[in-house]
Q: 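One structure, pasted below without further comment.
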Amino acid sequence: MMTKKTTLISALDLPELAQALAMVDRIGPQVEWYKVGKQLFTHYGPQVLQELKARKKKVFLDMKYHDIPNTVANAIRSGALIGGDIIDVHAFGGPAMLEAAAQAMKETGARVIAVTVLTSMDQAQLEAVGVHASPQEQVLRLAKLARQAGLSGVVCSALELPLLRKELGEEFLTVVPGIRPAGAAAGDQKRIMTPRQAQEAGADFIVVGRPILAAPDPAEAAAKILQELA
Ligand code: C5P
């Protein structure tokens with residue numbers, strides 16, 4: 001079997017823009033994709049993307065939109081306009097919201113993916129909000145809704161990756177956080193895979209934060225991950 005191309009996205013989970021950009025410059029041209037999340041974006045806004053674009057980077061704008069369909073569709077248009085190459089929404093927003101998101105996506109060059117069940121939600125957390133399915137069943141249900149609506153893919157944990165690959169086919173994008181190179185500290189991540197395992201399980205993108213950001217030499221840490229994926 002041919003192993004697929006798996007692209008590394010480095011999560012820019014740092015509080016200050018200057019610090020984040022110094023990190024990007026330190027990592028250098030080897031990493032093309034960065035994930036910009038709520039912390040940095042809420043403080044600095046579109047400037048974060050402008051700075052990344054000036055460095056020829058691609059951006060996964062991780063805003064996890066969840067609102068009425070019209071609002072989410074417009075947020076995606078705005079996100080694409082400021083340079084988001086991948087933008088995410090919560091699949092729990094429902095079919096109408098996902099269809100509106102897919103429609104907005106088609107007007108832009110961006111890809112829109114869906115978050116299914118947050119990895120912080122276990123059975124008890126789901127029950128508390130009235131979802132009487134197992135996390136696994138709920139993930140699959142929401143991922144299928146996202147695909148039916150015409151979205152590009154899902155964010156999923158390493159644990160769910162094999163099931164989603166099997167059920168949703170090869171074309172549907174999978175973006176997988178919770179990646180730990182052999183020997184790296186797991187931190188608060190529980191469902192982890194190495195870059196190579198994620199690639200073998202069919203990940204299109206892996207999202208790696210602390211194993212790069214907190215490494216003594218972030219460029220070297222990124223290079224090692226890229227070697228594993230080569
Ligand atoms: O530092 P670490 O590699 O754990 O960072 C992973 C990134 O992916 C973080 O930005 C985290 O918020 C995000 N993420 C995750 N698990 C999910 C969804 C997103 O770890 N289920």
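Read the numbers this way: they start at 1 and go in the same order the structure lists the ligands and their atoms.
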Q: Between E16 and Y44, does the side chain to side chain donor-acceptor pair (under 3.5 Å) criterion hold? Intermediate values first, please.
A: CA-CA 9 Å; E16 302 288 337; Y44 299 97; 2.8 Å; yes
Q: Would you mind running through ligand 1 and noting each atom that sits below 4.0 Å from a heavy atom of R180?
A: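 Reading through ligand 1 atom by atom, the close ones are 1 (O), 2 (P), 3 (O), 4 (O).
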Q: Does any non-hydrogen side-chain atom of I27 lie less than 4.5 Å from one of I212?
A: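 Side chain of I212 against side chain of I27, heavy atoms only: contact under 4.5 Å found.
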Q: Give me the ring orientation class for H66 and H90: parallel if the planes are under 30° apart, tilted from 30 to 60°, perpendicular past 60°.
A: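 Rings of H66 and H90: tilted, as their planes differ by 30° to 60°.
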Q: Any N/O of K64 closer than 3.5 Å to an N/O of ligand 1?
A: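 No, since none of the N or O atoms of K64 sits under 3.5 Å from an N or O of ligand 1.
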Q: Side-chain donor-acceptor pair under 3.5 Å between T7 and K5, yes or no?
A: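 A donor-acceptor contact under 3.5 Å links the two side chains.
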Q: Are P211 and ligand 1 in contact, using a heavy-atom cut-off of under 4.0 Å?
A: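 Checking ligand 1 against P211, which is what was asked, there is a heavy-atom contact under 4.0 Å.
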Q: Near R55 CZ, under 6.0 Å, is it more than 12 heavy atoms from other residues, nucleotides or ligands?
A: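 For R55, atom CZ is crowded (more than 12 foreign heavy atoms under 6.0 Å).
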Q: Find all atoms of ligand 1 within a distance of less than 4.0 Å from any non-hydrogen atom belonging to G209, and give their numbers and elements.
A: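 Selected atoms, number and element: 1 (O), 2 (P), 3 (O), 5 (O).
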Q: Please report which non-hydrogen protein atom sits nearest to atom 18 (C) of ligand 1, along with the residue it belongs to and the distance in Å to one decimal place.
A: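 Protein heavy atom with the smallest distance to atom 18 (C) of ligand 1: P177 CG, 3.7 Å.
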Q: Is the shortest side-chain N to carboxylate O distance from R111 to D204 below 4.0 Å?
A: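 Salt bridge between R111 and D204, a charged N being under 4.0 Å from a carboxylate O: no.
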Q: Taking K58 first and then E32, would you say they form a salt bridge - that is, a charged N and a carboxylate O separated by under 4.0 Å?
A: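 Here K58 pairs with E32 in a salt bridge, since their nearest N and O are under 4.0 Å apart.
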Q: What is the closest protein heavy atom to atom 20 (O) of ligand 1, and at what distance does it sit?
A: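 Of the protein heavy atoms, Q189 NE2, 2.7 Å lies nearest.
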Q: Could you tell me, atom by atom, which parts of ligand 1 come under 4.0 Å of a heavy atom of R210?
A: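 Near R210, meaning under 4.0 Å from one of its heavy atoms, ligand 1 has 1 (O), 2 (P), 3 (O), 4 (O).
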Q: Does the N or O separation between V207 and ligand 1 drop below 3.5 Å for any pair?
A: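 In fact, backbone or side chain, V207 has no N or O that close.
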Q: Under 4.0 Å from any heavy atom of T119, which atoms of ligand 1 are there?
A: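 Matching atoms, with element in brackets: 16 (N), 17 (C), 21 (N).
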Q: Regarding T108 and R77, is there a side-chain donor-to-acceptor distance under 3.5 Å anywhere?
A: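 No donor-acceptor contact under 3.5 Å links the two side chains.
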Q: Answer yes or no for D13: is there a heavy-atom contact with ligand 1 below 4.0 Å?
A: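 D13 counts as a contact of ligand 1 under the 4.0 Å cut-off.
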Q: Heavy-atom distance to atom 13 (C) of ligand 1: which of K35, Q39, K38 wins?
A: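 Checking each option, the heavy atom nearest atom 13 (C) of ligand 1 is found in K35.
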